[in-house]
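Atoms considered below: every heavy atom in the structure, side chains included; atoms not considered: hydrogens, waters and symmetry mates.
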Amino acid sequence: MKRIKACILFICVTLLLSSCQISKASVEDKGSIVQKVLDNISARYPVINYSQDNRNIWMDVEDTVHASDVKKEIQQKFEENNIKGYEITVHALDMKQVEKEHRWNMIDFYVFENLWKKEKYKGVRSKLTNITLEDPAIVAISTPITDADPNAKEYAAHIRKEVNALLQRKKMKKLIEGDAYKIVIYDEQNHPIN
């Protein structure tokens with residue numbers, strides 16, 4: 001009787017362990033299939049970028065294609081490969097907008113890098129702003145001073161002058177491409193210094 005119980009216990013444990021191995025292998029296979037599908041989509045469409053987790057896929061494509069067509073193709077490929085449980089989000093991005101954001105991110109980094117090198121501007125940071133096609137770009141600078149500081153306006157004027165000089169360089173004028181922009185200096189409480 002003890003031998004039969006031991007044998008049954010051994011068989012149950014073996015079956016349990018083998019099912020875990022199969023489950024693990026199927027998860028790995030699922031991941032590689034998902035990756036192959038996304039790589040194929042990226043080769044067929046102008047994909048800007050994509051990311052994923054275990055339940056979601058986010059993809060940005062150029063506005064030269066319909067996001068709904070890309071999403072349908074991903075869903076179709078997943079159905080063909082019996083892949084379920086993913087929420088798929090595809091956005092078509094305006095390439096002029098993407099290009100403008102990229103240029104102004106480079107400009108912002110250049111300005112920050114040049115200010116940061118100077119001892120008198122330690123603690124000064126660039127501040128992310130939304131870039132739109134319609135509105136002027138904002139070069140936003142955060143400072144470690146308060147608006148109540150009696151030298152705040154003078155300090156902000158020095159920074160504004162420095163940033164303006166940086167933006168007038170040939171390298172920056174080429175990146176600006178004639179875009180309208182304004183320079184805004186903020187205090188440590190995130191209020192503009194007038």
Correct closest heavy-atom pair for A67 and A92 would be CB-N, 3.9 Å
| field | Criterion side chain to side chain contact (heavy atoms under 4.5 Å, CB included) on Q35 and Q52, from CA distance to verdict | value | CA-CA 10 Å; Q35 191 60 48; Q52 69 185 73; 3.8 Å; yes
Tell me whether D94 contacts the main-chain N or O of K96 through its side chain, where contact means a donor paired with an acceptor under 3.5 Å. yes
Are V124 and P144 packed together at the side-chain level, in the sense that at least one heavy-atom pair is separated by less than 4.5 angstrom?
yes
Scanning both residues in full, the closest heavy-atom pair of R160 with I185 reads NH2-CG1, 3.7 Å
With the side chain counted from C-beta on, respond yes when I183 and L167 share a heavy-atom pair under 4.5 Å apart, and no when they do not.
yes
Query raised in the report: So, does E87 use its side chain to make a donor-acceptor pair with the main chain of W58 at under 3.5 Å?
Result: no
| field | Student check: side-chain heavy atoms of V37 and I83 closer than 4.5 Å | value | no
When you measure from the side chain of D53 to the backbone of N56, do you find a donor-acceptor pair of N or O atoms at a distance under 3.5 Å? yes
Please examine the side chains of I88 and F78, heavy atoms only from C-beta on, and report whether any two atoms are closer than 4.5 Å. yes
Check whether any side-chain heavy atom of V111 sits under 4.5 Å from a side-chain heavy atom of S126, and report yes or no. no
Closest non-hydrogen atoms of A140 and T129, given as atom of the first, atom of the second and distance, are CB-CG2, 3.6 Å
State, yes or no, whether a side-chain contact exists between K72 and Q76 at a heavy-atom distance under 4.5 Å.
no
Apply the test side chain to side chain contact (heavy atoms under 4.5 Å, CB included) to residues I74 and Y86: give CA-CA distance (whole Å), side-chain angles for both, the deciding distance (0.1 Å), then the verdict.
CA-CA 10 Å; I74 294 170; Y86 279 94; over 6 Å; no
**Flag if over 12 foreign heavy atoms under 6.0 Å of CG, N49** = yes
Please evaluate residues V98 and D60 with respect to the criterion side chain to side chain contact (heavy atoms under 4.5 Å, CB included), reporting the C-alpha separation (whole Å), side-chain torsions for both, the decisive distance (0.1 Å), and the verdict.
CA-CA 11 Å; V98 169; D60 295 326; over 6 Å; no
- Message: If you count heavy atoms of other groups shown closer than 6.0 angstrom to NZ of K127, is the number above 12?
- Response: yes
Exactly one candidate in H91, Q75, M59 meets side-chain contact (heavy atoms from CB on, under 4.5 Å) with V70; the answer is M59
Check the surroundings of atom CZ in R103: do more than 12 heavy atoms from other residues, nucleotides or ligands lie under 6.0 Å from it?
-> yes
For this session: Kindly determine whether H158 and E162 satisfy side chain to side chain contact (heavy atoms under 4.5 Å, CB included), including the steps that lead there.
Result: CA-CA 6 Å; H158 283 287; E162 187 82 31; over 6 Å; no
On a heavy-atom basis, the closest approach of W116 and K122 is O-NZ, 3.3 Å
K84 and K30 have their tightest heavy-atom pair at O-NZ, 3.3 Å
- Does CG belonging to N54 count more than 12 external heavy atoms closer than 6.0 Å? no
Given the options E101, K100, H102, W104 meets side-chain contact (heavy atoms from CB on, under 4.5 Å) only with K100
Can you find a pair of side-chain heavy atoms, one from D39 and one from Y50, that are under 4.5 Å apart?
yes
*Hey, does I48 have a side-chain heavy atom less than 4.5 Å from the side chain of M95?*
yes
Is it the case that the side chain of D187 and the backbone of H191 share a donor-acceptor pair, with hydrogens and angles ignored and the cut-off at 3.5 Å? yes
*Shared hydrophobic cluster, L38 / V61 (ILVMFWY, side-chain heavy atoms < 4.5 Å)*: yes
Fill in: Main-chain N/O of Y186 paired with T143 side-chain donor or acceptor, under 3.5 Å
yes
